[in-house]
Amino acid sequence: MERKNAWLKYDEAEMKACMEYCEGYRRYLTASKTERESVAEAVKLLKEHGYRDLKDVIAAGETLKAGDKVYSVNMDKTLSAFLIGEEPMEKGMKILGAHVDSPRLDIKQNPLYEDMEMVLLDTHYYGGIKKYQWVATPLALHGVVFKKDGSRVDVVIGEKEDDPVLCITDLLPHLGAKQMSKTAGSVIEGEDLNVLFGSMPVEPAEAKEDETEEEKAARELAMKGKVKANILNLLKETYGIEEEDFLSAELEVVPAGACRDLGIDRSMLMGYGHDDRVCAYTSLTALLSLEKVDRTCVCSLVDKEEIGSAGATGIQSKYFENEVAEVMNALGQYSELKVRRALANSEMFSSDVSAAVDPNYPGVNEMKNSAFLAKGLTFNKFTGSRGKGGSNDANPEFIAKLRRIMDENEVSWQTAELGRVDEGGGGTIARYMAEYNMQVIDSGVPVLSMHAPWEVVSKADVYEAMKGYTAFLKNA
Ligand code: MN
Ligand code: MN
């Protein structure tokens with residue numbers, strides 16, 4: 001079952017379409033380095049395509065009808081967009097669900113400290129990272145700070161060309177013999193992921209000409225904490241925030257810089273957070289390309305997947321179910337039973353990335369059941385670990401139908417497992433949506449260097465994913 005390289009099937013026009021589509025994705029990814037930014041960028045696109053906020057529809061007491069387009073945002077970190085179909089919702093929806101949170105370093109609640117006349121920010125990592133990848137590389141700070149009066153301050157440091165960047169320093173190899181003998185998992189410890197934030201003290205007191213040793217010591221003692229004082233002054237001047245305001249902040253340290261073309265042939269993209277914003281963008285734009293559908297089509301972008309999908313903004317929250325009920329109510333189709341039927345009769349793509357085979361590390365894969373770069377949208381029947389533990393396992397009836405839809409629409413697609421049996425494993429949002437008794441399968445873009453600060457995808461796979469998602473939504 002050899003799969004063809006997707007690049008080989010493109011004529012000039014489709015090659016151009018693929019490259020242009022990926023330009024849009026590149027802009028989206030560069031602007032979307034946190035879940036909040038990803039949702040805000042998605043809302044911009046939704047509004048451009050005539051989608052309205054469900055809250056406004058409800059507040060105005062309007063009735064929805066087939067062809068209407070609405071979206072709903074949950075806590076600025078989760079989003080669901082609905083294109084209302086001709087058929088009643090209880091017949092089921094077509095759902096594309098991706099996550100917009102990515103592995104990163106979160107700033108602690110009480111982060112700021114001075115050590116050896118340098119100021120550092122203490123972090124707590126989020127999601128599965130190789131900690132050693134985050135040192136000695138330019139980092140940016142993104143997020144929000146809420147002050148006691150409820151006002152919000154948006155922070156982005158390290159992205160504009162003339163912005164300063166931040167970093168976590170590493171030991172020089174000359175003194176690194178002991179460090180280098182450790183295993184990769186412990187060579188950089190979580191508690192040592194401290195971000196260098198500044199090093200300039202406030203103006204020191206003048207030394208007297210005939211200063212005694214005691215006076216000198218006293219003067220130097222008075223300078224302790226003066227770098228931190230300087231940083232706090234800067235934060236106050238620039239953002240109007242004080243040290244206590246970190247307590248109600250959500251600040252994320254991410255790699256600094258834009259998503260860029262990769263390879264001399266420009267066939268790939270290197271960027272931060274392809275997992276899973278590449279599936280978020282392809283899912284969203286698939287929905288946006290449609291106007292009239294039989295089944296109601298939904299794109300849901302969720303938070304917290306990387307830490308188990310828990311919390312009010314994770315897929316395990318009741319938020320999605322509530323919004324389905326709201327939409328059905330606005331359609332005049334609400335009853336508890338009908339909501340349950342709508343969910344149970346739905347079909348869903350859990351749009352999430354797959355691990356692409358890496359020529360540097362072929363040993364972790366079983367090649368017949370692995371995803372390859374440029375071979376298209378990748379279906380994972382199951383995920384999990386140790387004998388499929390904790391996984392959704394898609395039904396063959398559903399897969400047969402998807403094979404037909406993908407082939408009829410000339411989508412390049414492949415199937416994969418996450419590595420060799422017992423090599424490792426992972427999970428997605430699929431299992432949680434399957435609890436509604438709907439048909440769910442994992443499907444997404446293959447990624448190299450997944451969860452590294454800079455991940456790699458093939459533009460052909462990005463384009464094929466969009467085509468595959470669109471075909472799925474269109475074909476009931
Ligand atoms: Mn993912
Ligand atoms: Mn992930």
Side-chain angles (χ1 to χ4, degrees), residues 25 28-29 32-35 37-39 42 77-79 95-106 125-131 133-134 252 254-255 259 269-284 299-311 313-316 348-356 358 364 370-371 373 377-385 390-392 394 416-419 423-434 440-458 461-462 465-466 468-469:
Y25 171 54
Y28 176 80
L29 190 67
S32 304
K33 291 211 169 168
T34 67
E35 53 279 31
E37 290 172 359
S38 306
V39 165
K77 294 186 262 190
T78 308
L79 174 152
I95 304 169
L96 297 171
H99 67 91
V100 288
D101 61 316
S102 296
R104 60 180 187 250
L105 309 177
D106 284 342
Y125 69 98
Y126 173 99
I129 62 167
K130 289 177 164 178
K131 299 176 194 93
Q133 293 176 334
W134 290 75
E252 304 176 8
V254 298
C259 172
L269 288 166
M270 186 181 217
Y272 164 66
H274 285 313
D275 177 8
D276 184 36
R277 292 166 190 139
V278 68
C279 296
Y281 184 79
T282 45
S283 294
L284 183 69
C299 174
S300 202
L301 307 182
V302 297
D303 180 29
K304 298 285 181 281
E305 191 275 344
E306 295 293 357
I307 57 168
S309 293
T313 55
I315 197 77
Q316 293 191 70
M348 182 193 186
F349 276 8
S350 158
S351 311
D352 207 344
V353 295
S354 274
D358 186 331
V364 299
S370 294
L373 220 60
L377 179 62
T378 307
F379 289 93
N380 283 260
K381 185 176 186 296
F382 53 86
T383 57
S385 56
S391 173
N392 170 63
E417 302 187 8
L418 183 52
E423 191 70 41
T428 65
I429 64 172
R431 58 184 289 198
Y432 303 112
M433 290 300 276
V440 186
I441 190 166
D442 280 300
S443 67
V445 173
V447 173
L448 288 169
S449 301
M450 195 195 292
H451 282 209
W454 299 102
E455 299 174 319
V456 173
V457 296
S458 161
D461 293 325
V462 178
M466 179 274 291
Y469 292 155

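Both counts, for ligands and for their atoms, begin at 1 and track the order of listing. Quick caveat, the model's predicted, so the values are computed rather than measured.
- Remark: the Gln133 side chain and the His451 side chain contain no N/O donor-acceptor pair separated by less than 3.5 Å.
- The tally of protein N/O/S atoms under 2.8 Å from the Mn ion (ligand 1) stands at 4.
- A 4.5 Å side-chain heavy-atom check between Val462 and Tyr281 finds every atom pair outside the cut-off.
- Between the side chains of His99 and Glu305, at least one donor N or O sits under 3.5 Å from an acceptor N or O.
- In this view, Glu252 and Arg104 satisfy the salt bridge (Lys or Arg N to Asp or Glu O under 4.0 Å) rule, not counting sequence neighbours.
- Nearest N, O or S atom of His451 to the Mn ion (ligand 2): atom NE2.
- Qualifying salt bridge (Lys or Arg N to Asp or Glu O under 4.0 Å) partners for Lys77, counting only residues two or more places apart in sequence or in other chains: Glu250.
- The salt bridge (Lys or Arg N to Asp or Glu O under 4.0 Å) search around Lys33 returns Glu159, not counting sequence neighbours.
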